[in-house]
There are 2 protein chains.
Amino acid sequence: MTLKKAISGTNLEQAKSHNRRVVIEAIRTSGALSRAAIARLTALSSQTISNIVEELEEAGLLRPEATLKGARGQPAVPYSINPDGGYSIGLQLDHQLAVGVVSDLSGTMRARIERNVDRPTPAEAMPLLAAISSDLIATSRLERKRLLGIGMAMPGPFGVEGMTSVGPTALPGWQDFPVADELERLTGIAVTVENDATAAAIGERLYGVARKLGSFVYLFIGTGLGAGLFLDGHLYKGSRHNAGEIGHIIVRPGGLPCGCGKRGCLERYVSLRAAYDRLDLPDPDHASPELLEKMLAKGDSRFEAWLAEAVEPLRQAIDILEMALDPETVVLGGFMPLPVIEALASRLEPLHLSVSATSARTTPRVLVGAAGKDTSVLGAAALPIFSETNPQFDVLQKPVG
Amino acid sequence: MTLKKAISGTNLEQAKSHNRRVVIEAIRTSGALSRAAIARLTALSSQTISNIVEELEEAGLLRPEATLKGARGQPAVPYSINPDGGYSIGLQLDHQLAVGVVSDLSGTMRARIERNVDRPTPAEAMPLLAAISSDLIATSRLERKRLLGIGMAMPGPFGVEGMTSVGPTALPGWQDFPVADELERLTGIAVTVENDATAAAIGERLYGVARKLGSFVYLFIGTGLGAGLFLDGHLYKGSRHNAGEIGHIIVRPGGLPCGCGKRGCLERYVSLRAAYDRLDLPDPDHASPELLEKMLAKGDSRFEAWLAEAVEPLRQAIDILEMALDPETVVLGGFMPLPVIEALASRLEPLHLSVSATSARTTPRVLVGAAGKDTSVLGAAALPIFSETNPQFDVLQKPVG
DNA sequence: TCAGAAACTCAAGTTGATTTAATTATGGGC
DNA sequence: GCCCATAATTAAATCAACTTGAGTTTCTGA
């Protein structure tokens with residue numbers, strides 16, 4: 001076979017699937033909407049919308065709200081997302097913590113389990129993750145048929161030779177380990193895996209400050225640093241699923257040596273690990289984000305020094321992302337405690353001059369994410385929901401082969 | 001009106017339009033194909049393909065090739081893009097040169113006109129561009145109804161306050177000038193405007209080395225430096241049409257001062273202008289790329305020094321693009337003469353370790369563009385063709401309002 | 001020469017959006 | 001309080017484009 005996959009054609013079936021997603025997306029971004037309002041927003045006929053809404057209500061995904069009076073004409077019945085229309089499990093694995101949550105369709109956390117780990121290998125983590133999942137299902141008594149799937153977030157990059165297993169910010173032994181397949185085998189539930197930044201971006205897009213944005217970048221400050229890219233209404237993952245791994249871009253040529261072999265990498269300056277290192281802790285491998293929050297609160301001078309040193313590389317990274325991607329905004333978040341992120345953000349001004357510097361903006365150039373430390377678990381939980389409900393080009397493609 | 005545009009639904013009409021584009025795209029990327037082969041590639045039924053091919057042949061966009069014998073069964077009739085199915089005009093404006101070309105559907109240049117300019121203002125350039133267009137139409141005796149439109153390429157960024165009109169690499173006076181509208185008024189033909197890097201990316205994708213790629217970055221080395229981003233099968237332009245303006249990302253903190261106000265911008269090291277400046281020319285505003293080609297040929301030591309200094313910032317830029325976007329490849333091109341680009345490319349190895357460094361690659365990490373110095377004019381000419389024939393998410397969206 | 005294979009065509013069938021018209025429920029004017 | 005304009009929703013009929021399945025054509029290979 002010499003000819004490889006091409007963009008494939010579409011038919012009515014795919015079109016219907018797309019339209020259903022469009023309806024859900026419209027309600028998600030604009031709140032409760034009447035059929036007529038949806039029809040106006042989506043440019044579909046009101047009859048079509050009526051059919052789709054009926055089906056979605058039938059399926060439990062939408063629910064009617066109180067009739068709206070006060071205007072002329074027949075009162076409209078607004079529909080909103082039915083939180084109990086479906087559930088998903090979000091898992092997050094990092095150096096010190098494994099977290100699992102149950103999320104409903106509206107993004108509300110219904111249950112949460114946390115377990116300590118210590119730079120876990122796959123052999124250690126996989127049974128734990130499976131156990132967390134079944135505990136969550138048991139304690140929250142989920143109807144199995146309403147469970148949309150498991151979404152998992154973990155630090156990237158994935159499958160990069162010579163990079164994945166190196167350095168204090170990477171998890172060891174996960175190089176080429178088929179996480180999704182294995183977890184699917186252990187739990188019997190469909191699993192989607194993304195890096196933590198991408199998961200957080202989805203969470204922020206579905207339920208947070210990026211709800212209405214078409215293009216934004218989520219800058220995830222965790223043990224290392226990564227970016228989730230949401231461009232033109234779609235998640236961009238890159239040709240090998242590693243887009244946004246900007247922790248290792250060089251911002252200080254000849255600067256601090258990095259575990260990856262290069263010098264002056266961004267995450268040597270802006271990340272939890274960078275802060276720990278700067279503070280001369282006795283055991284940086286087991287420091288915690290809360291420590292940084294405490295040091296900020298009491299005005300520790302070494303911590304202030306780290307803040308001052310981290311600001312310019314962060315500013316430079318934002319400049320690079322703005323110039324390269326011209327997003328509507330850059331959202332900051334991650335495992336870094338919210339007060340620390342806000343401290344960083346407040347020191348960012350004046351930002352560099354970039355294509356983002358225009359007075360015609362409606363959104364600030366930099367926003368702090370809404371969901372706090374659980375952003376990426378909730379984002380992970382949103383993965384199955386997102387893939388089921390987001391209008392995407394893929395949906396219109398007929399499955400080939 | 002508080003509710004803004006949402007992603008809109010689709011219907012049969014849009015689906016058909018999409019499928020037509022998919023057929024053209026399949027033939028463009030894979031060469032002449034029989035109806036049956038297209039059906040297999042696109043996952044559409046052979047009957048559907050037959051209908052679409054018939055229509056496209058009727059419209060003059062496809063033409064049958066010689067019947068293929070030698071296999072069992074009824075001989076297949078391959079169809080290919082009919083070069084005479086349509087024409088477009090490509091315009092390019094830069095500091096010293098205005099170029100216009102006529103391109104046919106296959107991307108072949110049918111006519112070319114060149115005029116010298118000197119950092120032209122809109123008032124100077126617009127009549128000239130209109131004149132070039134009408135000369136091209138007259139001399140190549142184009143059927144007006146086969147003319148798909150005018151595509152124009154010029155240096156970005158567009159409409160950025162405090163950045164567009166500053167520095168020796170920007171064209172003065174174009175800030176907020178409505179180029180497309182004005183040229184459309186003067187010529188009576190539909191006009192699309194993109195920055196030179198984006199235009200070059202399209203050219204390379206339609207007719208050059210990126211023909212089969214789903215995600216790549218085109219690095220355009222011109223008077224300044226810019227990138228064209230083709231991601232997941234789509235051109236990414238950014239929320240304010242300025243994605244890829246990476247000439248002003250900081251690669252050397254505290255480095256050479258730049259007209260934009262920052263220090264150590266990429267294009268202060270890698271661009272025609274950077275080379276001219278490094279060579280202490282008496283009049284860098286009127287130097288030409290050919291000069292650099294000559295200096296390379298005779299092994300000029302100052303030029304060699306520039307090459308040596310430019311390589312690391314370029315490597316760093318490629319690293320950043322690879323890490324941020326995980327493209328299949330980075331294509332180098334622009335106004336910089338081909339031998340100089342090749343000289344730079346040959347000095348790039350070893351590239352930095354990035355997510356692109358995997359043995360599972362099918363394409364080299366860096367490629368030199370195919371179309372030479374006319375890449376971006378040809379790409380500009382491809383703009384109207386591209387927007388008429390590329391499968392895009394937009395096509396499925398019903399026009400709203 | 002003929003069976004098998006593959007490409008292509010024809011006509012009926014299916015699906016889902018649209019059109020048109022009817023129905024329902026409200027507010028406002030008189 | 002009675003009409004009527006207005007707006008939302010529903011119902012039935014229509015339409016457009018893809019699919020299906022049964023041919024038809026034209027080749028290769030035995």
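In this structure, CD of Gln74(A) is placed 9 Å from P of dA8(D), rounded to the nearest angstrom.
A salt bridge is absent between Glu328(A) and Lys212(A): the closest approach of a Lys/Arg side-chain nitrogen to an acidic carboxylate oxygen does not fall below 4.0 angstrom.
Summary of the strand contacts: Ser46(A) and Gly73(A) both lie near DNA chain D, and taking for each the nucleotide with the nearest heavy atom, the more 5' one is attributed to Gly73(A). The residue among Leu12(A) and Tyr79(B) whose nearest nucleotide of DNA chain C is located toward the 5' end is Tyr79(B). Mapping Ser34(B) and Ser17(A) onto DNA chain C by nearest heavy atom places Ser34(B) closer to the 5' end of the strand.
Ranking dT9(C), dG4(C), dA8(D) by closeness to the Arg72(B) side chain, first place goes to dG4(C). For Lys16(A), whose side chain is taken as the heavy atoms from C-beta onward, the closest listed nucleotide among dC8(C), dC18(D), dA17(C) is dA17(C).
Each of Leu105(A), Leu61(A), Asn19(A), Ile52(A) was evaluated against Ile24(A); a single residue qualifies, Leu61(A), per the side chain to side chain contact (heavy atoms under 4.5 Å, CB included) test. The side chain to side chain donor-acceptor pair (under 3.5 Å) test with Asp84(B) is passed by exactly one of Arg146(B), Arg63(B), Arg110(B): Arg110(B).
Of all the heavy atoms in Arg28(A) and Leu206(A), the pair that sits closest is NE-CD2, 3.2 Å.
Under a 3.5 Å cut-off, the side chain of Thr108(B) and the backbone N or O of Asp104(B) do not form any donor-acceptor pair.
Across residues 47-55 of chain B, Gln47(B), Thr48(B) each have a non-hydrogen atom less than 4.0 Å from an atom of DNA chain D (numbered order).
Applying the 4.0 Å criterion to OP1 and OP2 of dA7(D), one finds that Arg35(A) has every side-chain N and O outside that range.
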